[in-house]
J.: 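Structure provided below as structure tokens; questions to follow.
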Amino acid sequence: MPIFRSEEMVLCQFFLQSEASYACVSELGELGLVQFKDLNPNVNAFQRKFVNEVRRCEEMERKLRYTEKEIRKEKLKLHDQGENPRAPAPKEMVDLEAKFEKIESELREVNTNNEALKKNFQELSELKEVMTKTQMFFMAHGEDLHSIVDDAHRAMGQEDTGIVTATQGSVQLGFVAGVIPREKVPGFERLLWFACRGNVFLRHESIYQALEDPVSGDPVYKDVFIIFFQGEQLKNKVKKICEGFKASLYPCPETPQERDEMLRGVNTRLEDLKTVLSQTADHRHRVLVGAQKEIRTWIIKLEKIKAIYHTLNMFNFDVSQNSLIAECWCPSSALNEVRTALKNGELLSGSTVPSIVQMMQTKKKPPTFFQTNKFTKGFQAIVDAYGVASYTEVNPALYTIITFPFLFAIMFGDAGHGIIMFAFGLFMILNEKKFTRQRSDNEIWNTFLGGRYIITLMGLFSIYTGMIYNDIFSKSANIFGSAWRMGDYNETTTLSEYEEYTLDPIYFFRNGTPYPFGIDPMWQPAKNKIAFLNSLKMKLAVIVGISQMLFGICLSLFNHLHFRKYLSIFVEFIPEVIFLGCLFMYLVGLIFYKWVTFDASESQCAPALLIQYINMFMFSSKLPNSTASSGALVPCSQVTFYPNQQTLQYVFVICAVLSAPVLLLVKPLVLRSRHNRKMLLSGRAPGVKSTEALIPNEVTAEADGNTVSRSVNSEDEEVPHNGPTSIFLVEEEEDDFEFGEVFIHQAIHTIEFCLGCISHTASYLRLWALSLAHAQLSEVLWQMVFSLSLKMDIAYIGGIAVFALWFAWANLTIAVLLLMEGLSAFLHTLRLHWVEFQSKFYEGDGVNFAPFTFKELLKMDSLEDLK
């Protein structure tokens with residue numbers, strides 16, 4: 001499985017018989033290793049050969065989408081049984097269309113009838129409520145309408161009723177009853193009052209049981225109302241107002257006997273409707289359950305058919321219209337598999353004419369294809385997010401597998417936090433099949449699940465760096481015994497007796513080997529711990545950063561050798577190595593030399609590396625026992641500390657300075673010289689184009705034979721011709737060399753590299769900064785939250801306090817240190833790889849290989865995923 005470089009790709013041309021083309025494309029889709037080119041880029045989508053088949057697929061897709069919607073409305077789940085049906089033959093499309101049409105028609109008919117029945121049921125339910133509430137109203141007030149007016153008169157006052165009491169004996173009152181949505185009642189009541197000038201009497205009461213909307217199925221809350229009025233004029237007004245508020249009016253007899261008889265009839269009809277609705281719902285459920293078992297298979301089959309016809313629309317017909325011509329990219333290692341798939345397609349279709357596969361030559365850049373597995377996929381995605389690798393250039397993902405979690409762990413170095421992260425990643429790995437089948441809609445969880453191997457490695461490396469830092473939830477572990485001694489300190493002495501102390505190796509370091517692995521635990525409570533760790537982590541950050549940048553430059557050598565850019569080795573690679581080595585690898589050497597050479601007894605004269613480095617660029621290095629301008633001796637930490645240091649530093653600075661013009665000028669000048677020599681050998685003056693052609697873009701074919709066709713519609717490649725005098729047009733070739741463009745590009749590269757070496761080295765100091773910040777945050781959480789509970793000496797309540805503070809500390813640790821700090825360290829690591837590391841060798845201007853495959857269709861949960 002090549003991951004160091006992308007797969008070698010070839011451009012193939014297929015000649016497929018018309019009757020076998022569908023089956024062949026289906027087999028290639030199952031294989032998933034072929035990327036087809038569109039040979040009809042200028043043809044409208046509605047003018048292509050198989051547009052009618054695509055339209056039929058879209059119509060079937062619409063019917064399936066409707067069926068799926070009804071299944072989900074019934075709260076049935078689409079179970080994924082891992083099925084992968086083959087694409088049906090074209091003649092089976094008729095059967096699928098008939099089946100989908102039958103299901104859709106049946107569902108629509110059932111839904112229409114069900115909606116009508118539900119509407120009827122709702123009306124009868126409202127009528128039942130109207131009859132019940134009206135009957136209760138008349139029973140409470142009596143059947144005499146005049147007594148109702150008297151009650152209203154006493155309740156509202158004579159001046160407010162607007163009804164003349166002198167003529168009450170001859171009043172003939174009428175009434176209407178109905179239902180209205182509950183939210184419209186206040187406005188309905190106000191309008192009745194103002195429109196009728198208070199000459200109507202309204203009573204309303206809520207229907208406590210929610211009614212069901214016959215269309216949407218949502219609950220609807222309504223009120224029953226009854227309105228008393230006098231005369232036809234008020235009656236017409238009341239009805240118009242009810243119509244405006246979309247209130248439903250129902251007939252209500254005036255006598256109690258008629259109301260009771262109507263109520264019994266309504267109850268009987270409601271019982272009958274319930275039976276019919278139940279039978280209709282059962283029938284609908286059976287239809288949907290039958291469709292539920294098959295719909296995922298239907299969706300996969302339909303989408304495969306549609307994908308095949310979309311692909312066939314990218315092909316061209318030959319002159320005889322009997323075969324289709326296709327062009328595609330595929331890995332050279334998969335050519336035998338492609339030929340086998342084409343043969344299987346011929347057998348399935350019953351074709352007796354074999355398909356033809358021939359290799360093509362082209363100047364176009366092939367797509368980039370890396371064969372990844374579930375482990376390398378996440379790391380490859382990190383690299384591709386910056387830019388897809390150019391064809392066959394060195395792939396950074398191979399090294400990112402190690403460097404990415406390692407740089408993350410340097411900033412996140414805590415063994416306790418690393419164990420939690422490692423356990424979380426391992427949990428996802430052990431249950432990956434289960435979680436993958438579930439297909440959660442939670443985007444954050446899917447991100448974590450997709451990067452489970454990255455999370456696991458980041459946790460594992462964090463455990464390692466945490467042990468190096470001897471940091472476990474901001475505490476140290478004394479596994480091997482400290483190499484320090486503190487007065488009467490022994491193995492049984494608790495550190496709390498020496499909480500305030502400063503470690504000085506001259507007085508307290510034992511004469512023996514240091515702590516075997518990582519930092520000595522005695523540094524944890526020391527007062528000068530931060531000063532010690534600050535110096536150590538800063539130097540480690542510089543060493544790691546410069547080493548990774550040098551490694552990136554070395555990887556560029558493999559690109560130069562692979563692409564046979566031997567000139568770039570001498571005018572780019574070597575000057576870059578000299579520049580970085582003389583200035584920055586020398587700094588790394590100084591760090592190691594200082595660590596190895598100077599001990600605690602010579603710490604006063606240990607070189608100050610920053611001052612030494614500044615003096616190196618200013619050519620002002622001081623020799624031992626030299627004096628400053630004021631006459632005082634120069635501090636021993638600022639003078640040279642090894643023989644011939646001054647001379648060597650001068651040489652390094654001069655070599656670095658001289659490498660910059662070599663990097664800037666030599667390559668453009670050499671390329672210009674080569675171009676001029678080529679023009680002279682071809683009989684053309686440099687910078688002058690040939691004028692032998694009679695018309696623009698004219699190419700005259702040679703008389704000694706025909707050329708071989710290399711592409712169907714590519715203008716920049718040869719096409720067949722018939723005869724010695726044939727003339728054909730091709731796209732004008734762009735000039736291969738433009739000195740100004742090459743020089744500007746090289747100038748940008750030189751400036752970016754030289755300044756980048758400085759800025760990128762400083763950028764790697766984020767390893768030091770985030771590591772210190774993470775350690776301090778962890779220590780603050782421990783001391784200000786959890787450690788408070790350990791100091792409590794309260795009977796009974798102390799245990800509760802310990803648990804409560806531990807719970808708070810654990811949640812803050814996960815939320816702040818693991819999630820927020822982990823995300824911060826992840827983003828910083830991402831930047832170090834994209835900018836500081838990959839910029840040294842990685843172009844990233846390739847195009848991803850997008851094969852025609854059915855594998856993505858199997859991941860669909862529904863047709864809604866296509867939107």
Side-chain angles (χ1 to χ4, degrees), residues 22-23 25-32 50 52-115 217 278-312 344-345 348-349 433-441 852-867:
Y22 180 93
V25 172
S26 174
E27 291 299 316
L28 292 175
E30 299 291 346
L31 181 63
F50 300 96
N52 292 329
E53 285 77 4
V54 173
R55 285 176 175 171
R56 289 169 63 189
C57 291
E58 290 177 347
E59 178 63 20
M60 288 190 287
E61 194 176 89
R62 181 193 63 78
K63 295 174 182 177
L64 273 186
R65 187 176 284 111
Y66 174 77
T67 305
E68 180 188 351
K69 179 182 176 183
E70 294 300 316
I71 291 174
R72 295 188 182 278
K73 189 185 293 185
E74 193 72 10
K75 297 181 180 179
L76 298 175
K77 293 184 178 180
L78 303 182
H79 299 290
D80 182 8
Q81 304 296 337
E83 60 270 56
N84 182 18
R86 309 287 292 187
K91 59 184 179 181
E92 295 181 25
M93 283 183 64
V94 179
D95 298 334
L96 287 177
E97 284 178 315
K99 188 180 297 184
F100 298 163
E101 178 66 28
K102 178 183 176 183
I103 293 176
E104 186 199 25
S105 300
E106 190 171 0
L107 280 176
R108 289 192 181 277
E109 183 179 357
V110 170
N111 288 341
T112 302
N113 295 336
N114 192 46
E115 183 178 335
S278 177
Q279 294 174 353
T280 304
D282 291 341
H283 176 64
R284 181 174 181 272
H285 184 76
R286 286 194 299 270
V287 173
L288 292 177
V289 168
Q292 176 200 15
K293 299 176 182 178
E294 300 289 337
I295 189 167
R296 180 169 172 79
T297 303
W298 293 339
I299 290 174
I300 295 175
K301 286 183 178 181
L302 177 59
E303 294 307 319
K304 283 186 177 182
I305 296 173
K306 187 177 178 182
I308 290 171
Y309 282 118
H310 269 300
T311 303
L312 289 174
N344 293 336
L348 289 174
S349 62
K433 292 183 179 179
K434 171 186 173 183
F435 293 142
T436 304
R437 285 196 302 267
Q438 288 178 352
R439 296 179 183 173
S440 173
D441 295 332
F852 170 65
T853 178
F854 295 145
K855 292 179 181 179
E856 294 300 322
L857 299 178
L858 303 179
K859 299 178 182 179
M860 291 193 316
D861 286 332
S862 69
L863 288 171
E864 298 298 324
D865 296 342
L866 297 175
K867 294 184 178 181

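Remember, predicted model here, so these are calculated numbers, not experimental data. What's counted below: heavy atoms across the whole structure, side chains too, no hydrogens, waters or symmetry copies.
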J.: Could you grab the distance from atom CZ of R72 to atom CG of L288, nearest 0.5 Å is fine?
T.: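 R72 atom CZ to L288 atom CG measures 12.5 Å (nearest 0.5 Å).
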J.: Are V25 and Y309 close enough that some pair of their side-chain heavy atoms sits under 4.5 Å apart?
T.: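 A side-chain contact is absent here, since even the closest heavy-atom pair is not under 4.5 Å.
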J.: Which atom pair, heavy atoms only, marks the closest approach of A87 to Y22?
T.: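 Where A87 meets Y22 most closely, the heavy atoms are CB-OH, 4.2 Å.
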J.: Which is it for N111 and E70 under the side chain to side chain donor-acceptor pair (under 3.5 Å) test, yes or no, and what are the steps along the way?
T.: CA-CA 10 Å; N111 288 341; E70 294 300 316; 3.3 Å; yes
J.: For residues 90-98, which side-chain N or O atoms pair as donor and acceptor with protein atoms under 3.5 Å away, sequence neighbours left out?
T.:
{"from": "E97", "atom 1": "OE1", "to": "R56", "atom 2": "NH2", "distance (Å)": "3.0"}
{"from": "E97", "atom 1": "OE2", "to": "R56", "atom 2": "NE", "distance (Å)": "3.1"}

J.: Do L76 and H285 have side chains that get closer than 4.5 Å, going by heavy atoms?
T.: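 Sidechains of H285 and L76: in contact.
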J.: Could you give the distance from CD (E303) to CE (M60), rounded to the nearest 0.5 Å?
T.: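 With rounding to 0.5 Å, CD (E303) is 10.0 Å from CE (M60).
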J.: Flag the pair I103 / L64 as yes when at least one side-chain heavy-atom distance between them is below 4.5 Å, and no otherwise.
T.: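 No, their side chains stay 4.5 Å or more apart.
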J.: Hey, does T297 have a side-chain heavy atom less than 4.5 Å from the side chain of K301?
T.: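 A side-chain contact exists here, since the closest heavy-atom pair is under 4.5 Å.
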J.: Less than 4.5 Å apart, any side-chain heavy atom of F854 and any of S26?
T.: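 Yes. Closest side-chain heavy atoms under 4.5 Å.
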J.: Between E106 and H283, is there a side-chain heavy-atom distance shorter than 4.5 Å?
T.: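 Counting from C-beta outward, H283 and E106 do come under 4.5 Å.
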J.: Does the side chain of H310 come within less than 4.5 Å of K306's, by heavy atoms?
T.: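 Contact flag for K306/H310 side chains = yes.
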J.: Between E53 and L312, is any pair of side-chain heavy atoms under 4.5 Å apart?
T.: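 E53 vs L312: side chains apart.
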J.: Where do K69 and R65 land on the side-chain contact (heavy atoms from CB on, under 4.5 Å) test, with the steps shown first?
T.: CA-CA 6 Å; K69 179 182 176 183; R65 187 176 284 111; 5.8 Å; no
J.: Yes or no on side-chain contact (heavy atoms from CB on, under 4.5 Å) for N84 and K304, after CA distance, side-chain angles and deciding distance?
T.: CA-CA 11 Å; N84 182 18; K304 283 186 177 182; 2.8 Å; yes
J.: Output the distance between atom NZ (K63) and atom CG (L107), rounded to the nearest 0.5 Å.
T.: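 Reported value, rounded in 0.5 Å steps: 12.5 Å.
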J.: Return the CZ to CG distance between F50 and N52, rounded to the nearest 0.5 Å.
T.: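 Result: 10.5 Å between the selected atoms.
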J.: Going through the checks in order, is the side-chain contact (heavy atoms from CB on, under 4.5 Å) test met by E61 and L302?
T.: CA-CA 7 Å; E61 194 176 89; L302 177 59; 3.8 Å; yes
J.: Does the pair R55 and E59 meet the rule for a side-chain contact (heavy atoms from CB on, under 4.5 Å), with working shown?
T.: CA-CA 6 Å; R55 285 176 175 171; E59 178 63 20; over 6 Å; no
J.: What distance do E74 atom CD and I71 atom CD1 have between them, rounded to the nearest 0.5 Å?
T.: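 Spacing of CD (E74) from CD1 (I71) equals 9.5 Å.
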J.: Which heavy-atom pair separates G345 from A23 by the least distance, and what is that distance?
T.: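 Smallest heavy-atom distance, with atoms named: O-CB, 3.3 Å.
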J.: Using only atom types and a distance under 3.5 Å, with no angle test, would you say the side chain of Q292 pairs donor to acceptor with the backbone of K77?
T.: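 Yes, because the side chain of Q292 sits within donor-acceptor range (under 3.5 Å) of the backbone of K77.
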J.: Can you measure from CD (Q279) to CG (N114) and round to the nearest 0.5 angstrom?
T.: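 One finds 12.0 Å between CD of Q279 and CG of N114.
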J.: Give a yes or no on whether a salt bridge exists between R296 and E68, defined as a side-chain N under 4.0 angstrom from a carboxylate O.
T.: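 Salt bridge between R296 and E68, a charged N being under 4.0 Å from a carboxylate O: no.
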